Each structure stands twice: as C-alpha cells, then as structure tokens.
Amino acid sequence: MYLKRLQMKGFKSFADTTTLDLEPGVTVVVGPNGSGKSNVVDAVGWVLGAQAPSAVRSQKMDDVIFAGTSKRSALGRAEVSLTIDNGSGVLPIEFSEVTITRTLFRSGDSEYAINGVPCRLLDIQDLLSDSGVGRQQHVIISQGQIDAV
C-alpha cells in the first residue's frame with residue numbers, strides 16, 4: 001500500500017487543479033521558499049481528517065480555501081483527493097485504488113467521499129484504522145523537525 005496521487009484544487013496556494021503522482025518509496029517535495037511545499041504536506045493531513053485549523057497552519061478552517069490575489073478572485077471551496085494504492089488489500093475494501101476526498105465550502109459546509117461516494121469522516125477513519133495511515137497514525141516530519149529526530 002502506498003500513496004499514489006494527491007490532487008488539490010482551491011486548497012491554500014493551489015487555485016488550479018494540481019496533481020502530484022507519487023511512486024512507491026520515499027517522496028521529497030523540493031522548491032524555493034513560498035512555492036507551496038508546506039501546503040502539500042498540509043493537504044495530506046487535511047484530507048485525512050485534520051480538524052484543528054492549527055494542524056494545517058491556519059487561524060480558522062476556511063483559511064484553507066484559496067483567498068485570491070490581485071489578479072485572481074477568491075474561490076468558494078477547497079478540495080483535496082488522496083489516492084491510495086490498495087493492490088495489497090491492506091485496506092478492508094474491495095478496490096485496488098481508494099480515493100479519499102474532502103471538500104470545504106466557504107459557507108462552512110464540509111463533505112467527505114470514498115471513491116466518489118459521500119461518507120462521514122468516521123467512515124474514513126474506520127477504513128484507515130488498521131492500516132497505519134489516518135489522522136492520528138501517520139507521521140509527517142517537517143524540515144524544522146529533522147534535527148530533533
């Protein structure tokens with residue numbers, strides 16, 4: 001099992017649909033300051049169910065929705081999809097790929113889906129509970145924490 005794809009639209013600095021295709025093994029996100037590296041990490045935590053705005057470096061949860069620029073207007077929603085390769089059958093679901101999607105609207109409404117089927121956050125947590133992936137089970141090491149490890 002591995003993270004296969006991360007797709008973000010309207011999430012923080014990613015106004016347009018941005019897709020990162022990942023391969024098995026170690027993945028490193030490299031770029032200059034301000035390029036959105038930390039926003040990629042935030043997107044993974046957020047789609048897996050982070051509930052505290054501080055968990056995604058925000059003051060309030062709707063701060064994750066693209067706020068606009070001088071040349072581009074703000075968007076009305078943020079959406080992140082994380083596709084997991086389940087070829088090994090680690091996840092208790094009969095799909096070789098599982099896509100978890102979270103959408104947050106500026107109104108405050110939120111939606112979750114598994115393979116396009118609406119669900120609850122609890123359903124996602126149950127699906128991931130024995131896999132080592134999930135809101136409280138994965139570990140993301142940021143650049144500032146490497147020395148501590």
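These numbers were taken from a predicted model, which means no experiment stands behind them.
Of all heavy-atom pairs between Ser13 and Gly36, the closest is OG-CA, 4.1 Å. Taking both residues in full, the closest heavy atoms of Ala55 and Ala50 are given as CB-CB, 4.0 Å, listed atom of the first, atom of the second, then distance. Nearest heavy atoms, Pro32 versus Ser35: O-OG, 2.8 Å. Gly10 and Ala78 make their closest contact through O-CB, 3.3 Å (heavy atoms, listed as atom of the first residue, atom of the second, distance).
The CG atom of Leu82 sits 8.0 Å away from atom CG of Leu22, with the distance rounded to the nearest 0.5 Å. Taken from CG in Leu48 to CG in Leu121, the straight-line distance is 9.5 Å, to the nearest 0.5 Å. Summarising the geometry, atom OG belonging to Ser54 is positioned 8.5 Å from atom CE belonging to Met61; distances are rounded to the nearest 0.5 Å. Rounding to the nearest 0.5 angstrom, the gap separating the CD1 atom in Ile93 from the CG atom in Asp123 is 10.0 Å. Note that CG of Asn86 is 10.5 Å distant from CD of Glu94, once rounded to the nearest 0.5 Å. Here Leu6 contributes atom CG and Ser81 contributes atom OG; the two are 8.5 Å apart, rounded to the nearest 0.5 Å.
Put simply, the side chain of Met1 does not reach to within 4.5 Å of the side chain of Val98, judged on heavy atoms. Taking 4.5 Å as the limit, some side-chain heavy atom of Leu128 sits within range of a side-chain heavy atom of Ile84. In this structure, the side chains of Leu20 and Met8 come closer than 4.5 Å at one or more pairs of heavy atoms. Using a 4.5 Å heavy-atom cutoff, the side chains of Leu127 and Ile124 are not in contact. Side-chain contact check for Ile65 versus Leu104: some heavy-atom pair is nearer than 4.5 Å.
Screening Arg102, Gln125, Arg120 against Tyr112 for a side chain to side chain donor-acceptor pair (under 3.5 Å) leaves a single residue, Arg102. With Thr103 as the partner, the side chain to side chain donor-acceptor pair (under 3.5 Å) test is satisfied by one option alone out of Arg77, Glu79, Lys9: Glu79.
In terms of modelled atom types and a separation under 3.5 Å, the side chain of Gln51 and the main chain of Gly49 share a donor-acceptor contact. With hydrogens and angles disregarded, no donor-acceptor distance shorter than 3.5 Å links the side chain of Lys4 to the backbone of Asp85. Side chain of Ser58 to backbone of Val56: a donor-acceptor contact under 3.5 angstrom is found. Of the possible polar contacts, none joining the Lys12 side chain to the Asp63 backbone as a donor-acceptor pair under 3.5 Å is found.
Side-chain contacts under 4.5 Å among hydrophobic residues (ILVMFWY), followed directly or transitively, place Val30 together with Val26, Val28. The hydrophobic cluster containing Phe105, built from Ile/Leu/Val/Met/Phe/Trp/Tyr side-chain heavy atoms closer than 4.5 Å, comprises no other residue.
With sequence neighbours left out, the side chain to side chain contact (heavy atoms under 4.5 Å, CB included) criterion links Ser38 to Arg57. Applying the salt bridge (charged side-chain N to carboxylate O under 4.0 Å, His left out) test to Asp109 and every residue at least two apart in sequence or in another chain returns nothing. Not counting sequence neighbours, the partners of Thr99 by the side chain to side chain donor-acceptor pair (under 3.5 Å) test are Thr83.
Hydrophobic clustering (ILVMFWY, side-chain heavy atoms < 4.5 Å, transitive): Ile100 and Leu3 are in one cluster.
Judged as a ring pair (Phe, Tyr, Trp, His ring centres under 6.0 Å), the pairs with a partner in residues 39-91 (not counting sequence neighbours) are, in order, Phe11-Trp46.
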